[in-house]
Structure formats: structure tokens, C-alpha cells
Amino acid sequence: MAAFSTSSSRPYHIIIFGASGFTGQFVVEEVARTASEGPKGSLKWAVAGRNRTKLEKVVEQAAGSLSKPELKSEVDILIADVNDLDSLAAMCKQAVIVLSCVGPYRFFGDPVVKTCVENGAHCIDISGEPQFLESMQLNYHDQAAEKGVYIVGSCGFDSIPADMGVVYTRDQFKGTLTAVESFLSASAGPEGGCIHDGTWQSAIYGLADGSKLRSLRKKFGHKPLPVVGAKIKRRGTLFYSNELQQYAIPFMGSDPSVVKRTQRYLTEELNESPVQYGAYVGVGGISNLFKLVFAGLMFFFLVKFSFGRNLLIKFPEFFSFGFFSKAGPTRKQMEGSSFRFIFLGEGYTEGSDPSEGKPNSKIRALVKGPEAGYVATPIAMVQAALTMLNESDSLPKTGGVYTPGATFAKTTLIDRLNKHGIQFSVL
């Protein structure tokens, strides 16, 4: 197995690659904030990217916002570029874990994973792009298993709250949990909120390439997962959610595909009972509905054509009614924002036979936390890395390309997240 401890030739527990990107800068701050939680109370880490000046600025910014001037002399800066595989290899050889913050991952993620596997570095990313995540599993799982390298995708808001939320709900349920629905709502403070346009670009390319994802999935040759208990009923394209007290739609992000991959792993590798999953997101009241329908129709039309995609990429604020922006949210906006996931589960009490009759027990769980994209995401990513460093014995038996739920189901990641503001509870 690839090492989980540093050595003279592999001096860094963590290297943040893409540290000067919009999300990367907040990951740098979170690593600096939690360095005392590393193995034996310390963490040796570095930042990496293409531009030394920008990286120096990010470290300086973290030193200022955390009142830790020592960061400027303690944090090493490495130069690495996805277009220069030798520079990537040199970086990966020095890291126990690479935190990959280089989205959109469909363009920049593959060389990082490939080089990590080849050079014995574990890798964590925060991708919410199913096509990238699943192609990494198809292309690198066997090689990673052979090398004892763990590649863990979607370790940000996509999709730790949802994936670990389902794992948590199952663990808290007394009996056999057979189905879970999640309902996501996000709220902004008086300053409002928005998302950086890197996520918008990922959505554009993801929808444009929908057919490629379908053909990619066929290559796995998976059999359908067994349905235990009553089959989950899918809700409509638009409905009023009593759980959220607002209108809701099916969640279009990576959560459903990530949760399904976790359930496949838990079923096929650990012989656990699979949980069916449906994911929904609140969209607010009537006025928001009109905006959503208009923006949605425009988006789905334009995304089919290259000129349309170029327009969407050039003017994210206009086409998303200000929900996405090239500047990203301000720190004030982040401070006022939060998210809530309600999980509604059903199943069969201990001693009941899931093959007979309707489910006879329910559970409600909640995962809530701070602003999703740039506060909760760095927390989730960094706690995932710290869990790997401190609890390598509780990870899957062999290396490979895994989901968060598959990687961390038997660890204390949820306890760690609870201590850092992403809170899991039973209602």
C-alpha cells in the first residue's frame, strides 16, 4: 500500500494543487486552520500551481486572515502544471495526499489522478462532475488498487453531505433501511449569495455531454442493484415539498450518482443491504419558479450548440439571474449563507422481513452546515484528508477509485465534520 506517513523523499502530508484558484484559496485557509489535527498533532503541507506569484499571494492572504504570519515562511510553494507531466510527477512524488482543486475536472483532472496513481500519492478532489468521477473509476481503479493508492472523488459539498448523510441515516436506523429521500435547501443572508462560475461551466459541459456519460456507464457492465423492500416512488419534475415548505425539483448534481456508487460498493464488497435514493432541491416560491423555468429553458436550448455554450460561459450572471458569477461570492455573503439536507428514510424494524409487506418504520435525519461552496467544501475536503492520514486502517482493504461513502463509512469522518460545523443529527 502507498504510504500514509511522510518520509525524507515524501516530505508533505498534503499538497494543495490549484491552490490559487477560487476554491483553492479557501482550502489553503482550512488546511492552515486545522494543521494541529494532523498525525501526532502536526501537518507538513505545501501549495502548488502554475504561478508562483499567485501562490505567494494566497499564502499571504491566509496568513493575514488567520493571523498566522509564520505561514509565509513555513508553507512551501511548488510549481506544477497539468500540461507538464514531469512537473506533476515531481509534485506527486513529494505528497502523501494531493488535494486536487483544478476544476472543471473534465479538462484538468485526469492528468492529476493518473500522475498520483503512477507516483504513489493518494488524491482527493471536490468534483461534482459524474462523467469525470466515473471515468476515473473506469480508467484507474485497477491500477490504483494494484499500487495501494486511494483516489477519492467528490469530497466537497458535492457529495459528502449527501453520501455520508445516507450512510449516517442507515447507521442510525434500527433495522434494515431500504430507501432515503433527501431534500436540500440553501439560504443566503442579507448580502445575498452566488456561486463562482467554475461550477456553472462544469454544469454546461456536463449537460452537453450527457450521451457520453450514458455510454461510459455501459462499459462498467454493472448488473442493476437489487431492490430491497418497497420500490422508491420518484416524485415529479416540479412539486410542492411539505418537508421544505417550498417548491422542489429533482437534484441535477452528482449526489444521486455518487450515492448509487457507494451503495453498489457496500452491497458488492461488504454484503450490506443497498439503500435506494432520491434527491431533491428546494427552489423557493412562485417568483423563483418563473425565473427557474425561463432560465432552465434557455439553458437547455443553448447548451446544445457551441455558440450557445460560449454565450452561457461568457455571461453567467445574465443567464442564471445572478446565481452564478465570475467574481464568486464575497466573504460577507459566505458568512450569511448556509445549507440544510433533510433525509427521510424508511425500512423494516429489526426482525421484520423486508421481502414481505410495506416498510414499517421511518427515520428523519438532518445534515446542516455553513455556506456550501467555499466554506463547507473546504471543511469536508480537509477533514476527508485528515481522516485518511489518521485512520488508514479503517479505509477499504485495497486502494482504488472510491466515493466518500465507500472510503469513509467505517471511519470517524462524521464525528470530525460535526466538530467543524457540518452537523449530522436525527430529528
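Predicted model only: the values in this text are computed from it and were never measured.
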Ser202 versus Tyr105, side-chain donor and acceptor atoms under 3.5 Å
no
We want to know whether Thr262 and Thr403 form a side-chain donor-acceptor pair, criterion being a heavy-atom distance below 3.5 angstrom.
yes
Spatial distance of atom CD1 (Ile97) from atom CG (Leu386) [nearest 0.5 Å]
8.0 Å
Can a donor-acceptor pair be found, under 3.5 Å and without considering hydrogens, that links the side chain of Ser215 to the backbone of Lys212?
yes
side-chain contact (heavy atoms from CB on, under 4.5 Å), that's the test. Do Phe424 and Gln172 meet it? Break it down for me.
CA-CA 11 Å; Phe424 293 65; Gln172 298 300 312; over 6 Å; no
Rounded to the nearest 0.5 Å, how far does CD of Glu268 lie from CG of Leu225?
6.5 Å
Applying salt bridge (charged side-chain N to carboxylate O under 4.0 Å, His left out), which residue pairs with at least one partner in residues 414-427 are found, sequence neighbours left out?
Glu391-Arg416
Can you check whether Phe251 and Tyr280 have ring centres sitting under 6.0 Å from each other?
no
Could you check whether the rings of His122 and Phe4 sit parallel, tilted or perpendicular, using 30° and 60° as the cut-offs?
parallel
Tell me if a side-chain donor or acceptor on His141 pairs with a main-chain N or O of Gly400 at a distance below 3.5 Å.
no
Do any N or O atoms from the side chain of Glu371 and from the backbone of Gly373 form a donor-acceptor pair under 3.5 angstrom?
yes
Between Glu269 (side chain only) and Leu266 (backbone N and O only), is there a donor and an acceptor less than 3.5 Å apart?
no
Would a line drawn from the ring center of Phe343 to the ring center of Tyr168 be shorter than 6.0 Å?
no
So Trp200 and Phe324, would you call those rings parallel, tilted or perpendicular, with 30° and 60° as cut-offs?
tilted
Spacing of Tyr277 atom OH and Lys260 atom NZ [to the nearest 0.5 Å]:
13.5 Å
Between Glu30 and Pro378 (side chain of the first, backbone of the second, donor and acceptor by atom type, cut-off under 3.5 Å), is there such a pair?
no
Closer than 3.5 angstrom, by distance alone: can the side chain of Thr377 be matched with the main-chain N or O of Phe157 as a donor-acceptor pair?
yes
Quick one: pull up CD1 in Ile195 and CZ in Phe323 and give me the separation to the nearest 0.5 Å.
4.0 Å
Under 3.5 Å: donor-acceptor pair, side chain of Lys326, backbone of Pro316
no
Name all residues meeting the side-chain hydrogen bond (donor to acceptor under 3.5 Å, both in side chains) criterion together with His420; count only those two or more places apart in sequence or in a different chain, and write none if there are none.
Glu37, Gln383
Which heavy atom of Ala121 sits nearest to which heavy atom of Cys92, and what is that distance?
CB-O, 3.4 Å
Okay, side chain of Arg10, backbone of Ala95: is any donor-acceptor separation there less than 3.5 Å?
yes
Let me confirm one number: the OG1-CD distance from Thr34 to Glu29, rounded to the nearest 0.5 Å.
11.5 Å
